[in-house]
Amino acid sequence: MPVRLYDSLEARLRELEPLVPGEVGMYVCGPTVQSSPHIGHLRSALVYDLWRRWLGYRGYRVTLVRNVTDIDDKILAFAAKPGDTDGEQWWALAYRYELEFTNAYNRLGILPPTYEPRATASVQQMQELIQRLIDAGHAYPAPDGSGDVYFDTLSWPSYGSLTRQASADMVAAEDADPRGKRDPRDFALWKGRKEDEPESASWPSPWGPGRPGWHIECSAMSARYLGRAFDIHGGGLDLRFPHHENELAQSTAAGDAFAGYWVHNGLVTVDGQKMSKSLGNSIFAADFLAEARPVVVRYYLAATHYRSTLDYHQGALLEADAAYERIRTFLDRSALALERAGVGSDRADTVPAAFADALDDDLSTPGAFAVLHETVRTGNAALDARNLDVVAERRAEVLAMVRVLGIDPGDPQWASTGAGPAADALRALVERLLEERQEARSGRDFARADRIRNDLAEAGIALEDTPAGTQWSIDGE
RNA sequence: GGUGGAGUGGCCGAGAGGCGAGGCAGCGGCCUGCAAAGCCGUAUACGCGGGUUCGAAUCCCGUCUCCACCUCCA
């Protein structure tokens, strides 16, 4: 079955047919590194990580490019603002936040993209694109001497096609500063340097010193790294307009075929309300990751379909934790049972057909998780029935699925810091106590056995008696 | 005003004309010294009102409510 994905431009499910068979070029709008990452940023990056992993599993060679917007109005404004970061250069501020994003991505097991270009490194390509637009009659330098260059929306009849809007119906922004625009809908391709802006934030150009507008970077960098025609363009739903609409207009007006498919991920709300910088209700990555293990956060973010709104509320991570534990526990139990029987336990199979069908169908992670849990259930039943052949099969399937989703509990990525002398000492002590408890149980001295179990529980160590012996684990790991 | 999306059981969350996805919580049972884990069983669910159909959560008409975007946004 071919992979199908929902194309926002045509507003329908389409089969993926890459320009070059077997290869997929994917451009995703990354963050503007002006403040700390929040859940929405994590979700967005995770969505494309999952797309990339699935397409990779399906045999495609995926080139994933996710940009970093490291120059923009707010970055300059925040750097200039007096406060804690007084005196910090705009580029230092941008880099500081970029590192925060990278760190959060890493903790969630989001694989680094094939390449992560910064806007400031492609200014030349942007200028070339702007020049092509001017030459084609779709852009003009402002006549007011500001050094701005605008895209001429009225010169491009299909402007608005991505969001199915007619230019005439668009409400002009209240705060729109008409400056040298021919039409309020025109947008800046190039912004002339203003007096109070640092010289380090300006580049020479045929239209005077200045810096690129926001939208132009994606048009220029997607073409630079993926070609003037590429397969998939992704980004948050909130970027559809104006950002993606403008990208589409610029690139196509300049004669580039641009993206074959437009994919938009749903936003994250908090208690039903949109999370946004202006509302100040953002849940930041650091707080979020402090609430649950990163692998559980990943499970939580991946379990909802990527196009749905994800509404975060208190307790959501606890549910995700319980669901994830079910999978982890099965993998532990099955490994133990197979090893005792002298059967290897690291075999990973291909994923079940139903799981593949779900992900082929517009990356239906909810369907995929349903299959994963079904498989765990039948695997557990086989364990109880001591049917090890079936256990081995189910385990191999679960491993394959969990690896595609990036939530394999055995992945060193998620390994706790519990290695080294301290962990060894803890293990020795716990195992000594477990021996004592076993002696007590054998002598039917349950009071003593339970006292040991309670003491360990108070220290955050949970016990589980299984036919194969007692297992212990540290809560939250 | 324009454009798009959503309302599903105690909660989360899929599905898109016909055997009630899956998870969490609950209840009953099995297992267990007791737990834990696991297994089995367990639900008058589809915003409201009409209609089409042998059959509607799904299609049609109407209606209510919520959300997003319309030049800061992942």
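Throughout, a chain's letter reflects where its sequence line sits, starting with A, and its residues are numbered from 1.
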Can you confirm whether more than 12 heavy atoms, excluding those of A:Arg386, are under 6.0 Å from its CZ atom?
no
How is [X] classified with respect to the nucleic acid when contacts are heavy atoms under 4.0 Å: base, sugar-phosphate, or nothing?
X	result
A:His305	sugar-phosphate
A:Phe355	nothing
A:Leu239	sugar-phosphate

Look at A:Arg437 together with A:Asp465 and state whether they make a salt bridge at an N to O cut-off of under 4.0 Å.
yes
[N] pairs with which nucleotide, Watson-Crick or G-U wobble, both distances below 3.5 Å?
N	answer
B:G10	B:C24
B:C59	B:G51
B:C30	B:G38
B:C69	B:G2
B:C19	none

Quick one: sort the A:His41 and A:Phe101 rings into parallel, tilted or perpendicular, breaks at 30° and 60°.
perpendicular
Whole angstrom value for the distance that separates [atom2] of [N] from [atom1] of [X]:
X	N	atom1	atom2	result
A:Glu247	B:A74	CD	C1'	13 Å
A:Glu464	B:A35	CD	P	15 Å
A:Gln250	B:U71	CD	C1'	13 Å
A:Arg164	B:G5	CZ	C1'	12 Å
A:Asp321	B:G23	CG	P	16 Å
A:Asp311	B:C12	CG	P	8 Å
A:Gln438	B:C34	CD	P	15 Å

Between A:Asp70 and A:Thr120, a side-chain donor and acceptor under 3.5 Å:
yes
State the CG-CG distance between A:Asp49 and A:Leu301, to the nearest 0.5 angstrom.
11.5 Å
Between A:Leu76 and A:Ala201, which heavy-atom pair has the shortest distance, and what is it?
CD2-CB, 3.7 Å
Minimal heavy-atom distance between A:Cys218 and A:His243, with the atoms involved, is SG-NE2, 3.4 Å
Would you measure the distance from the [atom1] atom in [N] across to the matching atom in [M] and give it in whole Å?
N	M	atom1	answer
B:U3	B:G17	C1'	29 Å
B:U32	B:A37	C1'	11 Å
B:C12	B:A21	C1'	14 Å
B:G13	B:A25	C1'	14 Å
B:G7	B:U63	C1'	14 Å

Any side-chain N or O of [X] under 4.0 Å from OP1/OP2 of [N]?
X	N	answer
A:His41	B:A74	yes
A:Thr269	B:A68	no
A:Asn265	B:A74	no

Between A:Ala303 and A:Val268, which is nearer to the 5' end of RNA chain B once each is assigned its nearest nucleotide?
A:Ala303
5′-ward residue of the pair A:Gly40/A:Asn246 relative to RNA chain B:
A:Asn246
Near-strand residues of residues 440-461 of chain A, defined as heavy-atom separation under 4.0 angstrom from RNA chain B:
A:Arg441, A:Arg444, A:Phe446, A:Asp450, A:Arg453
Where at least one partner belongs to residues 364-388 of chain A, residue pairs that pass ring pair (Phe, Tyr, Trp, His ring centres under 6.0 Å), sequence neighbours excluded:
A:Tyr299-A:Phe369
